[in-house]
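For reference, the structure is listed below as structure tokens.
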Amino acid sequence: MLVRTHTCGALRPSNVGETVTLNGWVNSYRDHGAGLIFIDLRDRYGLTQIVFDKEDASQDLLEAADKLRNEDIIAIRGKVRTRDGGPNPKLATGEIEIVGDELVVLTKAVDPPFMPGDTNNLPKEETRLKHRYMDLRRPRMQEILSTRHRVAKLTRDYFDAEGFLEVETPVLCRSTPEGARDFLVPSRVQPGSWYALPQSPQLFKQILMVAGCDRYLQIARCFRDEDPRADRQAEFTQIDLEMSFVDREVVLQTMEGFARSVWKELKGVEVGPFRRITYREAMDRYGIDRPDLRYGLELHDISDLAAKTDFKVFTGALEKRRGVVKVIRVPQGAEKLTRKITDGYTEFVKQFGAGGVPTTKYVGGKFEAGIGKFIEPITAELAERLGLEEGDQLLFGADSYATCTKALGELRQKIARDLELIDDSKLEFVWVLDFPMFEWDEGTKRFYALHHPFTAPREDEIERFMALEVGAQPTDEQVDALESIVSDGYDMVLNGNEIGGGSIRIHRRELQSKVFGLLGLTEDQARQKFSFLLDALNRGAPPHGGIAFGLDRLVMLLCDTNNIRDVIAFPKTQNGADLMTEAPNAVDDEQLNELYVQSTWTGDESET
RNA sequence: GGGGCGGUAGCUCAAUUGGUUAGAGUACCGGACUGUCGAUCCGGUGGUUGCGGGUUCGAGUCCCGUCCGCCUCGCCA
């Protein structure tokens, strides 16, 4: 083996005259005939031009160089010199070249399915996933792998300096049926019993606090057996943290410091102040719990004014429980938002359960077109409240609070994209605070924890919370009362992306029992599922809280991609398949027998 | 589970209203060429149009089914 002395990104004019050896992949070749051949050699670090010239090279060497093809791996030894043909400013090594003197072909590449060096034609993702080793050779993917590594390293360094201990928690866990669907693993030694893969290390990190760990960190793999999305994968990675003897403020400050250091270190950016907003305000003004604050287009509640009209869409919505009428004002939208576009918006909001988007334009002090004539009686009041200006367009939502908010929140983002109102250079960090503890689900007639059942109520809410009596079939008043209890949770949001979420946890047993009870767990059921936690809370549990960052999403933002598969070395498709290894796969009956497992799958879905 | 988009040469794509032998660029093979850097020029190989069925004189194109990939709703405490 002719071992490299430098990488393909290392050589500079200062190396001129040195005899060096490089190893790498043939990125491209330019063959000018028997007398002159150029090779661009690639490795993780860059590209270096090799030249074979009949002035300097033997006939044998030229013939060997002539046979080189894309993706062959070679070792090349030769002298560094400044380029005869002038520098190539596109390359870091563009001022120099290596005069090939000794060439060893380490591996011939047979029929590459695509060329990693071809930056113009990116193969379709299916092909990239099938031949992932080729895809990962691409400089862009190498850059992402490197960024991910640097985030992980910086995470360990930062939290190490803050006194955190990295502790590993189990991958084979007890199944707790709340939350997402579990991945299950059959036990061989305990026939009929199953492990679950962790949805997060939540309970273990709380137990570590009870165990006196004080500050815990883990870069933890998590598993949720739900359908993937562009930014979601069944198997993903969290930067998982927990701290003892803290209040919310300590956690927020510590995590802000982390985010600042990530953006400073990786992007060279000084992050400005973190804004703070309550969940209620976020939902009211932006229609979403992870608002993008880089642009306006806020939602305004005009239910009181809408009630003065005879417009059936408005008055009908207001008769619903929690019915509202809200509006988005698009400055100068009258011209930009054509009928065709607003018709598209009506279709767009239907997927979120809204009926449509009533619209009108503010022209000459009056409402023109659309539903203008219906809201004529409230023209002056609307104009004053919204600060209307000539040429504004109004887009309305009228429905239950939940549906209207969701639809207009999504619409707000779509308008911003359509009208290119988003400044990509901005970084708007915001903490979303004061989430409700619970949400009532009309379908299943029960409460669900908005975050998770171990989230503490805000300290000043505890007394009111403990005093609440809510039966199995709560009245509307009881639902309202419980939903108004605010938790001590927090989400870190950047430009409309939730990058981390956490809370101060419950550290008192009677509070935890109360929460379990409200979620429909009897004392017996709670003991059955969480006895270890309830016992731990009884045996000296410190006040504690923490957070988990989505590492994949963090890297996505830092690498400016909206495809989570780009930031995972070996990701899975929407069908949960790894196209390279062809997982998942069938296994031998012998394997199943050992596990006391039989498949009911017949190959015909109608029979299962 | 629902909705949408897509699958044509190794790769990226084209193919008129259903009509001749399914084309181009690139890669690959052969040839020419001494300063390229997306090298250039000439020639060539390469196709079960994802798969199965149907309509038709004739299907890449229309219909039905199915598989795969992507986006999305539901789902994701």
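Residue numbers begin at 1 in each chain, while the letters A, B, ... track the order of the sequences.
- Atom OH in Tyr29(A) sits roughly 12 Å away from atom P in U26(B) (whole-Å rounding).
- The residues Arg508(A) and Glu510(A) are annotated as salt-bridged, a charged nitrogen and a carboxylate oxygen being separated by less than 4.0 angstrom.
- For Gln351(A), the listed nucleotide lying nearest its side chain is C73(B); candidates were C73(B), G35(B), G69(B).
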Could you tabulate the donor-acceptor pairs under 3.5 Å formed by side-chain atoms of residues 578-586 of chain A, not counting sequence neighbours?
{"unit_1": "Asp578(A)", "atom_1": "OD1", "unit_2": "Met580(A)", "atom_2": "N", "d": "2.8"}
{"unit_1": "Asp578(A)", "atom_1": "OD1", "unit_2": "Thr581(A)", "atom_2": "N", "d": "3.3"}
{"unit_1": "Asp578(A)", "atom_1": "OD2", "unit_2": "Thr581(A)", "atom_2": "OG1", "d": "3.2"}
{"unit_1": "Thr581(A)", "atom_1": "OG1", "unit_2": "Ala583(A)", "atom_2": "N", "d": "3.4"}

Could you please spell out the steps behind the side-chain contact (heavy atoms from CB on, under 4.5 Å) verdict for His452(A) and Arg505(A)? CA-CA 10 Å; His452(A) 59 52; Arg505(A) 325 296 184 188; 3.4 Å; yes
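- Within the 4.0 angstrom heavy-atom criterion, no nucleotide atom of any strand lies near Arg42(A).
- Salt-bridge annotation for Arg12(A) and Glu95(A): absent, with no side-chain N of the basic residue lying under 4.0 Å from a carboxylate O of the acidic one.
- One atom, CZ of Phe38(A), and another, C1' of U40(B), lie 13 Å apart when rounded to the nearest Å.
- Residue pairs meeting the salt bridge (charged side-chain N to carboxylate O under 4.0 Å, His left out) criterion with at least one partner in residues 544-556 of chain A, sequence neighbours excluded, are Arg148(A)-Asp552(A), Asp231(A)-Arg553(A).
- For RNA chain B, none of the residues of residues 520-531 of chain A falls under the heavy-atom distance limit of 4.0 Å.
- Contact annotation: Lys350(A) does not reach the phosphate of C73(B) (side-chain N/O to OP1 or OP2, under 4.0 Å).
- Sorted by first and then second residue, the salt bridge (charged side-chain N to carboxylate O under 4.0 Å, His left out) pairs involving residues 488-502 of chain A (not counting sequence neighbours) are Arg248(A)-Asp488(A).
- Between the side-chain ring of His32(A) and the base of G35(B), no stacking contact exists by the 5.5 Å and 30° definition.
- We find that CD of Glu410(A) is positioned 14 Å from C1' of C71(B), with the value rounded to whole Å.
- No donor-acceptor pair closer than 3.5 Å links the side chain of Lys572(A) to the backbone N or O of Glu235(A).
- Residue-level contact check: Leu579(A) touches the backbone only, with heavy atoms under 4.0 Å from sugar-phosphate atoms and none from bases.
- Between atom CZ of residue Arg412(A) and atom OG1 of residue Thr405(A) there is a gap of 13.0 Å, rounded to the nearest 0.5 Å.
- One finds no side-chain N or O of Arg30(A) lying less than 4.0 angstrom from the OP1 or OP2 phosphate oxygen of U36(B).
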Filtered N/O pairs between nucleotides 42-50 of chain B and protein, under 3.5 Å:
none

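- Of the side-chain N and O atoms in Arg128(A), none sit less than 4.0 angstrom from OP1 or OP2 of C70(B).
- Put simply, the side chain of Glu97(A) and the base of G35(B) share a donor and an acceptor less than 3.5 Å apart.
- Atoms CG (Asn563(A)) and P (C71(B)) sit 6 Å apart, rounded to a whole Å.
- Of the N and O atoms on the side chains of Gln238(A) and Ser200(A), not one donor lies less than 3.5 Å from an acceptor on the other residue.
- Across the C1' atoms, C73(B) and U61(B) are found 31 Å apart, a figure rounded to whole Å.
- Remark: Asn88(A) is not in phosphate contact with U36(B), judged by side-chain N or O atoms under 4.0 Å from OP1 or OP2.
- Among the protein residues, Gly94(A) comes within range of no part of the nucleic acid, since none of its heavy atoms lies under 4.0 Å from any strand.
- Considering only residues two or more places apart in sequence or on other chains, Ala57(A) meets the side-chain contact (heavy atoms from CB on, under 4.5 Å) condition with Leu61(A), Leu62(A).
- Rounded to whole Å, the distance from CZ on Phe52(A) to C1' on G35(B) is 15 Å.
- G47(B) and C41(B) have their P atoms separated by 26 Å, with the value rounded to a whole Å.
- Pairing for G6(B) goes to C68(B), judged as Watson-Crick or G-U wobble with the two contacts each under 3.5 Å.
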Sugar-phosphate or base contact per nucleotide [nucleotides 4-15 of chain B; S, B, -; heavy atom under 4.0 Å]: ---SS-SSS---
Which pairs of donor and acceptor atoms, one on a side chain in residues 562-570 of chain A, lie under 3.5 Å apart (sequence neighbours left out)?
{"unit_1": "Asn563(A)", "atom_1": "OD1", "unit_2": "Arg565(A)", "atom_2": "N", "d": "2.8"}
{"unit_1": "Asn563(A)", "atom_1": "OD1", "unit_2": "Arg565(A)", "atom_2": "NH2", "d": "3.3"}
{"unit_1": "Asn563(A)", "atom_1": "ND2", "unit_2": "Glu125(A)", "atom_2": "OE2", "d": "3.0"}
{"unit_1": "Arg565(A)", "atom_1": "NE", "unit_2": "Glu125(A)", "atom_2": "OE2", "d": "2.6"}
{"unit_1": "Arg565(A)", "atom_1": "NH2", "unit_2": "Glu125(A)", "atom_2": "OE1", "d": "3.1"}
{"unit_1": "Arg565(A)", "atom_1": "NH2", "unit_2": "Glu125(A)", "atom_2": "OE2", "d": "3.4"}
{"unit_1": "Asp566(A)", "atom_1": "OD1", "unit_2": "Arg128(A)", "atom_2": "NH2", "d": "3.1"}
{"unit_1": "Asp566(A)", "atom_1": "OD2", "unit_2": "Thr561(A)", "atom_2": "OG1", "d": "3.1"}

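- Nearest nucleotide to the side chain of Ser28(A), out of C73(B), G38(B), A39(B): A39(B).
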Between protein and nucleic acid, restricted to nucleotides 75-77 of chain B and to nitrogen or oxygen atoms under 3.5 Å apart, what atom pairs and distances do you find?
{"unit_1": "C75(B)", "atom_1": "O2'", "unit_2": "Glu226(A)", "atom_2": "OE1", "d": "2.5"}
{"unit_1": "C75(B)", "atom_1": "O2'", "unit_2": "Glu226(A)", "atom_2": "OE2", "d": "3.4"}
{"unit_1": "C75(B)", "atom_1": "O2", "unit_2": "Arg232(A)", "atom_2": "NH2", "d": "3.2"}
{"unit_1": "C75(B)", "atom_1": "N3", "unit_2": "Arg232(A)", "atom_2": "NH1", "d": "3.3"}
{"unit_1": "C75(B)", "atom_1": "N3", "unit_2": "Arg232(A)", "atom_2": "NH2", "d": "2.9"}
{"unit_1": "C75(B)", "atom_1": "N4", "unit_2": "Arg232(A)", "atom_2": "NH1", "d": "3.3"}
{"unit_1": "C76(B)", "atom_1": "O2", "unit_2": "Arg232(A)", "atom_2": "NE", "d": "3.3"}
{"unit_1": "C76(B)", "atom_1": "O2", "unit_2": "Arg232(A)", "atom_2": "NH1", "d": "2.9"}
{"unit_1": "C76(B)", "atom_1": "N3", "unit_2": "Arg232(A)", "atom_2": "NH1", "d": "3.0"}
{"unit_1": "A77(B)", "atom_1": "OP2", "unit_2": "Arg224(A)", "atom_2": "NH1", "d": "3.0"}
{"unit_1": "A77(B)", "atom_1": "O4'", "unit_2": "Gly179(A)", "atom_2": "N", "d": "3.3"}
{"unit_1": "A77(B)", "atom_1": "O3'", "unit_2": "Ala449(A)", "atom_2": "O", "d": "2.9"}
{"unit_1": "A77(B)", "atom_1": "O2'", "unit_2": "Ala449(A)", "atom_2": "O", "d": "2.9"}
{"unit_1": "A77(B)", "atom_1": "O2'", "unit_2": "His451(A)", "atom_2": "O", "d": "2.0"}

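- The pair Asp135(A)-Arg132(A) meets the salt-bridge criterion, since a charged nitrogen lies less than 4.0 angstrom from a carboxylate oxygen.
- Every residue two or more places apart in sequence or in another chain that forms a ring pair (Phe, Tyr, Trp, His ring centres under 6.0 Å) with Phe530(A) is listed here: Phe454(A), Phe516(A).
- Counting to the nearest Å, the C1' atom of U36(B) and the CZ atom of Arg81(A) are 13 Å from each other.
- Counting to the nearest Å, the P atom of G38(B) and the CG atom of Leu47(A) are 11 Å from each other.
- With sequence neighbours excluded, no residue satisfies ring pair (Phe, Tyr, Trp, His ring centres under 6.0 Å) with Tyr29(A).
- Put simply, CG on Asp53(A) is 19 Å from P on A39(B), counting in whole angstrom units.
- Trp440(A) pairs by the ring pair (Phe, Tyr, Trp, His ring centres under 6.0 Å) definition with Phe447(A), not counting sequence neighbours.
- Classified by interplanar angle (parallel below 30°, tilted 30° to 60°, perpendicular above 60°), the ring pair Phe438(A)/Phe465(A) is parallel.
- Arg565(A) has a side-chain polar atom (N or O) that falls below the 4.0 Å cut-off from OP1 or OP2 of C70(B).
- The partner of C29(B) is G43(B), judged by Watson-Crick or G-U wobble contacts that both fall below 3.5 Å.
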